[in-house]
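All remarks here apply to the structure that follows.
One-based numbering along the sequence shown.
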Amino acid sequence: MIVRRAIPAEIDRRVREAARHRCGYCLSPQHLVMARLEVEHTIPLAKRGTDDETNLWLACPICNGHKSDKTMAIDPDTSAMVPLFNPRTQVWAEHFAWSDDGLLIIGRTPIGRATVVALHLSDDPDALEVRSYWVLAGWHPPEE
């Protein structure tokens with residue numbers, strides 16, 4: 001059984017600042033999310049990840065719930081198994097883009113496409129509904 005330890009407050013603060021207080025996957029900012037963004041393990045503890053700061057990033061509860069203990073997924077275009085996007089070490093705009101209406105996240109690379117599917121970045125009904133209101137308010141899509 002994996003025992004989750006509390007992330008020390010100073011590391012939590014540094015991770016939140018490094019992530020610019022937004023989800024590393026869907027870019028939802030903390031000030032618009034009604035739940036606290038979660039410090040997640042890019043390589044999950046269940047897959048021998050560590051609590052080291054270099055393995056931690058922010059995720060919204062929706063993205064983190066879909067990610068779970070996944071580290072790999074299938075690129076729907078090539079059927080190749082590829083690693084999921086790592087928001088700590090990779091650049092979001094290199095792997096993803098917003099649809100013209102700002103609602104959908106489009107994968108640009110095998111990693112991006114696989115991550116979009118695995119984390120339901122463009123088909124989670126709750127996320128899409130909330131994003132649609134953010135678009136109407138002029139708060140979305142975020143600028144990278």
Side-chain angles (χ1 to χ4, degrees), residues 2 4 6-7 9-144:
I2 303 295
R4 284 190 73 99
I7 302 298
E10 181 59 23
I11 291 175
D12 181 279
R13 183 191 62 75
R14 286 195 307 261
V15 168
R16 289 175 188 285
E17 287 178 3
R20 296 173 37 205
H21 301 280
R22 64 185 186 175
C23 176
Y25 303 101
C26 70
L27 302 184
S28 293
Q30 180 63 76
H31 71 277
L32 295 179
V33 177
M34 289 187 58
R36 185 150 169 84
L37 295 179
E38 301 167 353
V39 174
E40 68 107 10
H41 296 79
T42 54
I43 300 173
L45 296 175
K47 300 277 175 92
R48 300 184 185 241
T50 69
D51 286 333
D52 186 81
E53 187 172 343
T54 61
N55 189 45
L56 303 175
W57 205 249
L58 280 187
C60 70
I62 291 174
C63 288
N64 202 20
H66 288 305
K67 182 173 178 275
S68 185
D69 66 349
K70 297 176 186 83
T71 59
M72 306 278 289
I74 296 173
D75 171 14
D77 286 6
T78 66
S79 299
M81 182 68 80
V82 297
L84 293 178
F85 174 72
N86 182 332
R88 179 169 274 287
T89 61
Q90 295 174 311
V91 177
W92 193 93
E94 291 177 8
H95 295 278
F96 308 100
W98 290 103
S99 61
D100 289 340
D101 63 5
L103 292 180
L104 305 179
I105 297 173
I106 310 298
R108 295 179 150 172
T109 64
I111 287 172
R113 291 187 298 267
T115 302
V116 166
V117 171
L119 275 61
H120 298 273
L121 297 178
S122 288
D123 67 2
D124 182 284
D126 295 324
L128 293 176
E129 182 175 5
V130 170
R131 270 188 221 146
S132 71
Y133 296 127
W134 293 350
V135 167
L136 287 173
W139 301 333
H140 192 79
E143 295 187 18
E144 181 55 20

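With values rounded to the nearest 0.5 angstrom, Arg131 atom CZ is found 6.0 Å from Ser122 atom OG. Taking NE2 of His41 as the reference point, atom OG1 of Thr50 lies at 7.0 Å (rounded to 0.5 Å). With rounding to the nearest 0.5 Å, the separation of CD in Glu129 from CG in Leu103 is 11.0 Å. Of the inter-residue distances, the one linking Lys70 atom NZ with Met72 atom CE reads 13.5 Å to the nearest 0.5 angstrom. One distance of note links NE2 of His120 with CG of Asp126; it measures 12.5 Å at 0.5 Å rounding. Asp124 contributes atom CG, which lies 8.5 Å from atom SG of Cys60 (distance to the nearest 0.5 angstrom).
Here the side chain of His140 pairs a donor or acceptor atom with the backbone of Gly102 at under 3.5 angstrom. Side-chain atoms of Asn64 never come within 3.5 Å of backbone atoms of Ala59 as a donor-acceptor pair (strictly under, hydrogens ignored).
For the side-chain contact (heavy atoms from CB on, under 4.5 Å) with Leu121, the qualifying choice from Ile106, Leu27, Val116, Leu104 is Val116, the only one to do so.
The two atoms that bring His66 and Leu119 nearest to each other are CD2-O, 3.3 Å, heavy atoms only. Between Val15 and Leu58, the shortest heavy-atom distance links the atoms CG1-N, 4.2 Å. Arg36 approaches Pro61 most closely through the heavy-atom pair O-CG, 4.1 Å. Nearest heavy-atom pair across Cys23 and Cys26 is SG-N, 3.5 Å.
Contact check for Val82 versus Thr115: no side-chain heavy atoms found under the 4.5 Å cut-off. When side chains are defined from C-beta on, Ile105 counts as touching Trp92, because their heavy atoms get closer than 4.5 Å. Arg48 places none of its side-chain heavy atoms less than 4.5 Å from the side chain of Thr71. At least one side-chain heavy atom of Asp12 sits under 4.5 Å from a side-chain heavy atom of Arg16. Between Thr42 and Pro87, some side-chain heavy-atom pair lies under the 4.5 Å cut-off. Taking the side chain as every heavy atom from C-beta outward, Trp98 and Pro142 approach each other to under 4.5 Å. Residues Val33 and Arg22 form no side-chain contact, since every pair of their non-hydrogen atoms from C-beta on lies 4.5 Å or further apart. Using a 4.5 Å heavy-atom threshold, the side chains of Glu10 and Glu53 count as separate.
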- Message: Please determine whether side-chain contact (heavy atoms from CB on, under 4.5 Å) holds for the pair Ile111 and Leu84, giving the CA-CA distance in whole Å, both sets of side-chain angles, and the decisive distance to 0.1 Å.
- Response: CA-CA 6 Å; Ile111 287 172; Leu84 293 178; over 6 Å; no

- Message: For a side-chain contact (heavy atoms from CB on, under 4.5 Å) check, start with the C-alpha distance between Leu45 and Asp51, then their side-chain angles and the critical distance, and finish with the verdict.
- Response: CA-CA 8 Å; Leu45 296 175; Asp51 286 333; 3.8 Å; yes

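By the neighbour-count criterion of 12 heavy atoms within 6.0 Å, atom CG of Asp100 is sparsely surrounded, having that number or fewer from other residues, nucleotides or ligands.
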